[in-house]
2 protein chains.
Amino acid sequence: MTPSTVEKIAHPARDEIELSDVLHALSDPVRLQIAAGLAAASCERSCGSFDVRVSKSTCTHHFKVLREAGVIHQRQEGTARLNTLRVDDLEARFPGVLETILRAALSGASS
Amino acid sequence: MTPSTVEKIAHPARDEIELSDVLHALSDPVRLQIAAGLAAASCERSCGSFDVRVSKSTCTHHFKVLREAGVIHQRQEGTARLNTLRVDDLEARFPGVLETILRAALSGASS
DNA sequence: ATCGTTGTACGACAGTCATCGTACGTTTGG
DNA sequence: CCAAACGTACGATGACTGTCGTACAACGAT
């Protein structure tokens with residue numbers, strides 16, 4: 001899990017975040033749930049702390065999609081990988097998008 | 001193209017529109033462009049009036065995805081299929097989502 | 001009537017996606 | 001030191017996606 005094993009945890013820079021990628025990342029119910037949970041916590045959360053009903057491998061995949069789209073930031077802490085929403089970057093690049101989507105996800109009856 | 005040939009032009013009801021489907025529909029650059037063009041026109045536009053650089057068949061596919069996601073409404077008028085954004089339905093169900101996404105698509109340098 | 005326009009239908013195809021299981025590497029706690 | 005916990009890597013798989021070409025149907029104008 002140390003840098004020697006894990007190949008870098010690459011994140012896109014703020015200016016490299018693409019709207020299409022963000023929308024695609026949030027268009028999956030599991031990932032939307034993760035993002036919403038992260039917004040609700042408004043702090044770092046480990047991957048395993050989410051009550052998603054997919055396998056561990058699938059979970060890793062979803063976190064990777066979210067990270068590579070620029071939606072979340074991941075940081076290694078021991079065996080845990082701590083996730084945060086990139087609210088500032090997203091707000092700067094696409095104002096209001098993340099907030100309105102997450103609000104819709106919570107209040108709406110959609111998936 | 002009349003009802004005998006075309007099988008109904010099915011649209012989801014307002015309450016059936018899913019956030020995931022909307023986000024997925026808008027996560028494709030071509031479809032996002034179509035939605036933005038529709039918002040800019042703020043009136044009915046035929047499928048062929050969009051300057052997309054994909055083939056006719058592909059265009060039909062994209063309009064179908066947008067329609068089935070509940071993003072647009074299609075109406076037959078002679079040989080033309082007239083499209084409108086379902087702004088009211090989307091605003092009622094997911095307030096602000098469509099507007100902020102389209103704004104981000106226009107101002108942002110994304111895709 | 002016939003032709004051009006508009007758009008769909010169908011079939012094909014390569015690429016991506018979401019999912020899983022199993023195996024593995026790290027770190028931490030007993 | 002050993003085992004459990006956390007998460008990744010890899011490979012597989014079935015489904016879906018975006019793309020296209022060709023053929024077809026309907027409408028409108030000549």
Side-chain angles (χ1 to χ4, degrees), chain A residues 1-11 18 20-35 38 44-69 71-84 111, chain B residues 1-11 18 20-35 38 44-69 71-84 111:
Chain A
M1 303 292 227
T2 31
S4 61
T5 311
V6 178
E7 75 301 343
K8 268 194 318 190
I9 314 189
H11 295 81
E18 295 273 356
S20 299
D21 294 339
V22 173
L23 296 180
H24 173 249
L26 296 177
S27 72
D28 182 278
V30 174
R31 291 194 291 260
L32 193 54
Q33 175 192 343
I34 292 173
L38 224 36
E44 293 183 314
R45 283 187 64 175
S46 68
C47 295
S49 72
F50 292 86
D51 190 22
V52 289
R53 69 266 174 277
V54 289
S55 72
K56 265 199 305 178
S57 333
T58 306
C59 215
T60 295
H61 162 69
H62 285 311
F63 276 101
K64 183 180 176 187
V65 172
L66 285 168
R67 186 185 72 237
E68 293 183 342
V71 177
I72 66 171
H73 179 267
Q74 290 192 302
R75 181 175 71 86
Q76 197 73 29
E77 176 98 358
T79 66
R81 200 164 268 208
L82 299 178
N83 307 276
T84 48
S111 56
Chain B
M1 302 291 226
T2 31
S4 59
T5 310
V6 178
E7 76 301 342
K8 268 195 319 193
I9 313 190
H11 296 81
E18 296 272 356
S20 300
D21 294 339
V22 173
L23 296 180
H24 173 249
L26 295 178
S27 72
D28 182 278
V30 174
R31 292 194 291 259
L32 193 55
Q33 175 192 341
I34 291 173
L38 223 38
E44 293 184 314
R45 283 187 64 176
S46 67
C47 295
S49 73
F50 292 86
D51 191 20
V52 289
R53 68 269 174 274
V54 289
S55 73
K56 266 199 306 178
S57 333
T58 305
C59 216
T60 295
H61 163 69
H62 285 311
F63 275 101
K64 184 180 176 188
V65 172
L66 285 167
R67 187 187 70 237
E68 293 182 344
V71 177
I72 66 171
H73 179 268
Q74 290 192 302
R75 182 176 70 85
Q76 198 72 31
E77 176 98 358
T79 65
R81 201 165 265 207
L82 299 180
N83 306 277
T84 48
S111 66

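Chain identifiers are assigned alphabetically (A, B, ...) following the order of the sequence lines, protein sequences preceding nucleic acid strands; residue numbering begins at 1 within each chain.
A/E77 pairs by the salt bridge (Lys or Arg N to Asp or Glu O under 4.0 Å) definition with A/R75, not counting sequence neighbours. Considering only residues two or more places apart in sequence or on other chains, A/S49 meets the side chain to side chain donor-acceptor pair (under 3.5 Å) condition with A/R45. The ring pair (Phe, Tyr, Trp, His ring centres under 6.0 Å) test applied to A/H62 returns no partner, not counting sequence neighbours. In this view, A/H61 satisfies the ring pair (Phe, Tyr, Trp, His ring centres under 6.0 Å) rule with no residue, not counting sequence neighbours. By the ring pair (Phe, Tyr, Trp, His ring centres under 6.0 Å) test, A/H24 pairs with no residue at all, sequence neighbours left out. By the side-chain contact (heavy atoms from CB on, under 4.5 Å) test, A/K64 pairs with A/R67, A/E68, sequence neighbours left out. For the side chain to side chain donor-acceptor pair (under 3.5 Å) test, residues two or more places apart in sequence or in another chain that qualify with B/S55 are B/T58. Not a single side chain to side chain donor-acceptor pair (under 3.5 Å) links A/Q33 to another residue, sequence neighbours left out.
When each of A/H62 and A/E77 is assigned the nucleotide of DNA chain C bearing its nearest heavy atom, the one mapping closer to the 5' terminus is A/H62. Position along DNA chain C of the nearest nucleotide to B/H61 versus A/V65 favours B/H61 as the more 5'-ward residue. Across the interface with DNA chain D, nearest-nucleotide mapping of A/Q74 and B/S27 shows A/Q74 to be the residue nearer the 5′ end.
For the atom pair B/N83 CG and B/L66 CG, the distance stands at 8.5 Å (nearest 0.5 Å).
Taken residue by residue, residues 48-58 of chain A places heavy atoms nearer than 4.0 Å to DNA chain D at A/G48, A/K56, A/S57.
Residue A/S46 places at least one side-chain N or O under 4.0 Å from the OP1 or OP2 atom of D/dG7. Regarding contacts with the backbone of C/dT8, a side-chain N or O of B/R81 is found under 4.0 angstrom from either OP1 or OP2. Between D/dG7 and A/T79, no contact under 4.0 Å exists linking OP1 or OP2 to a side-chain N or O.
In the helix from C/dA1-D/dT30 to C/dG30-D/dC1, the end axes, each obtained as the rotation axis mapping the C1' atoms of four pairs onto the next four within a five-pair block, lie 20° apart to the nearest 10 degrees.
Separating the CD atom of B/E68 from the P atom of C/dT8 is a distance of 12 Å, rounded to the nearest angstrom. Between A/I34 atom CD1 and D/dG7 atom C1' the separation is 13 Å, expressed in whole Å. Atom CZ of B/R75 is separated from atom P of D/dA26 by 19 Å (rounded to the nearest Å). A straight line from NZ of A/K64 to P of C/dC20 spans 17 Å, rounded to a whole angstrom. At whole-Å resolution of the value, CG in A/L82 and P in D/dC6 are 13 Å apart. A straight line from CD of B/Q76 to C1' of C/dG7 spans 8 Å, rounded to a whole angstrom. For the pair B/I9 CD1 and D/dA26 C1', the interatomic distance rounds to 13 Å; values are reported in whole Å. Atom CZ of A/F63 is separated from atom C1' of C/dT19 by 16 Å (rounded to the nearest Å).
Of the possible polar contacts, one joining the B/R31 side chain to the B/A25 backbone as a donor-acceptor pair under 3.5 Å is found.
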Write down the protein N/O and nucleotide N/O pairs, taken from nucleotides 1-4 of chain D, whose separation is under 3.5 Å; answer none if there are no such pairs.
none

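Side-chain proximity of A/C47 to the nucleotides D/dG7, C/dG7, C/dA18 is greatest for D/dG7.
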Inset, instruction - With side chain to side chain contact (heavy atoms under 4.5 Å, CB included) as the test, would you mind laying out the steps for B/V52 and B/I34 before giving the verdict? - result: CA-CA 8 Å; B/V52 289; B/I34 291 173; 4.2 Å; yes
Inset, instruction - Would you check, one step at a time, whether the test side chain to side chain contact (heavy atoms under 4.5 Å, CB included) holds for B/Q74 with B/L82? - result: CA-CA 6 Å; B/Q74 290 192 302; B/L82 299 180; over 6 Å; no
